[in-house]
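So the structure is just underneath, and the comments pick up after that.
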Amino acid sequence: TRTGLPRILDKSLPGFCGAVLAGGSSSRMGRDKAVIEYDGQPLLTHSVLALASAGASEVFVVGRQAREILGTPAIPDLFPGEGPLGGVISALTHSCEPIVAFMPCDLTNANPLSVTKSLAALGSADVAVPVVEGHRQWVHAVFRTTALDSLREQFSAGARSLRAGVSELRLVEVPGGEALWFRDADLPSDLL
């Protein structure tokens with residue numbers, strides 16, 4: 001790939017699309033995080049390239065007024081301003097594959113291994129979520145599109161967080177990732 005990330009070609013992993021969640025307001029950062037340059041390229045590009053390197057058949061951005069960002073296709077967030085659950089529902093609705101792997105747009109050290117570990121762990125579950133230092137990394141989860149109806153029901157019932165949205169799904173936790181892979185930039189100081 002363009003950044004030197006190795007392309008992971010593991011034929012035992014299921015086919016999947018990659019979705020970068022970029023629907024937040026970036027209020028703590030003070031400007032659009034997706035396009036802030038970090039380590040020689042916009043933050044969004046780190047996530048796009050990690051998903052592509054993991055083997056995604058397609059990578060797209062969810063949100064940001066559905067404009068193509070840095071050459072990456074974008075789809076509208078069906079529920080703008082309503083939290084990450086709406087972004088996940090939007091991506092699953094659009095998906096060209098039965099599985100979607102997610103990353104946020106503001107990662108400083110996005111790594112394709114975070115995706116492939118979750119894909120390998122998914123098995124028959126509806127969602128696989130990485131766990132680092134005892135915390136579930138919700139916006140790095142891998143979802144089956146068959147979870148869509150349940151997620152929509154939870155959204156209609158008022159859920160907006162992924163934690164609340166997956167309450168009726170079969171979930172598998174994925175241990176063993178490095179904390180650095182999940183480091184995001186919320187504040188200008190996070191870019192130092």
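Here the structure is a predicted model, which means the values were calculated and not measured.
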Margin query: Let's go through Asp126 and Arg170 carefully: what are the C-alpha distance in whole Å and the side-chain angles of both, what is the deciding distance for salt bridge (charged side-chain N to carboxylate O under 4.0 Å, His left out) to 0.1 Å, and is it a yes or a no?
Written below: CA-CA 5 Å; Asp126 300 307; Arg170 293 169 295 151; 3.0 Å; yes
Check: Taking it one step at a time, do Asp184 and Thr108 satisfy side-chain contact (heavy atoms from CB on, under 4.5 Å)?
Finding: CA-CA 6 Å; Asp184 61 355; Thr108 57; over 6 Å; no
Next item on the list: Decide side-chain contact (heavy atoms from CB on, under 4.5 Å) for Trp181 and Asn109; before the verdict, give the C-alpha distance in whole Å, the side-chain angles of both, and the deciding distance to 0.1 Å.
Entry: CA-CA 5 Å; Trp181 300 348; Asn109 295 284; 5.5 Å; no
Next item on the list: Evaluate the criterion side-chain contact (heavy atoms from CB on, under 4.5 Å) for residue pair Val131 and Val174; output intermediate values, then yes/no.
Entry: CA-CA 6 Å; Val131 177; Val174 186; over 6 Å; no
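When Ile99, Leu148, Val166 are each tested for a side chain to side chain contact (heavy atoms under 4.5 Å, CB included) with Phe143, only one passes: Val166.
For Ala128 against Leu122, the heavy-atom pair with the smallest separation is N-CD1, 3.7 Å. Of all the heavy atoms in Ala110 and Met103, the pair that sits closest is CB-SD, 4.1 Å. Across every non-hydrogen atom of Val115 and Ala101, the tightest pair is CG1-CB, 3.7 Å. For the pair Ala19 and Ala91, the tightest heavy-atom approach, listed with the atom from each and the gap, is CB-CB, 3.8 Å. The minimum heavy-atom distance linking Asp77 with Pro80 is given by the pair O-CD, 3.2 Å. Closest approach of Val62 and Phe60 over heavy atoms only: CG2-CE1, 3.9 Å.
The distance from atom CG of Leu92 to atom OG1 of Thr145, rounded to the nearest 0.5 Å, is 7.0 Å. Atoms CZ and CG, from Arg183 and Asn111 in turn, are 14.5 Å apart once rounded to the nearest 0.5 Å. Remark: Thr93 OG1 to Ile75 CD1 distance equals 7.5 Å, nearest 0.5 Å. In this structure, CD in Gln137 is found 12.0 Å from CG in Leu162, a value given to the nearest 0.5 Å. With rounding to the nearest 0.5 Å, the separation of OG in Ser57 from CZ in Phe16 is 7.5 Å. Distance check: Gln154 CD to Ile89 CD1 gives 9.5 Å after rounding to the nearest 0.5 Å.
In this view, Glu173 and Arg136 satisfy the salt bridge (charged side-chain N to carboxylate O under 4.0 Å, His left out) rule, not counting sequence neighbours. In this view, Glu82 and Arg160 satisfy the salt bridge (charged side-chain N to carboxylate O under 4.0 Å, His left out) rule, not counting sequence neighbours.
Centroid-to-centroid, the aromatic rings of Phe102 and His140 stay 6.0 Å apart or farther.
Glu168 and Ser150 form no side-chain donor-acceptor contact under 3.5 Å, judged by distance and modelled atom types alone.
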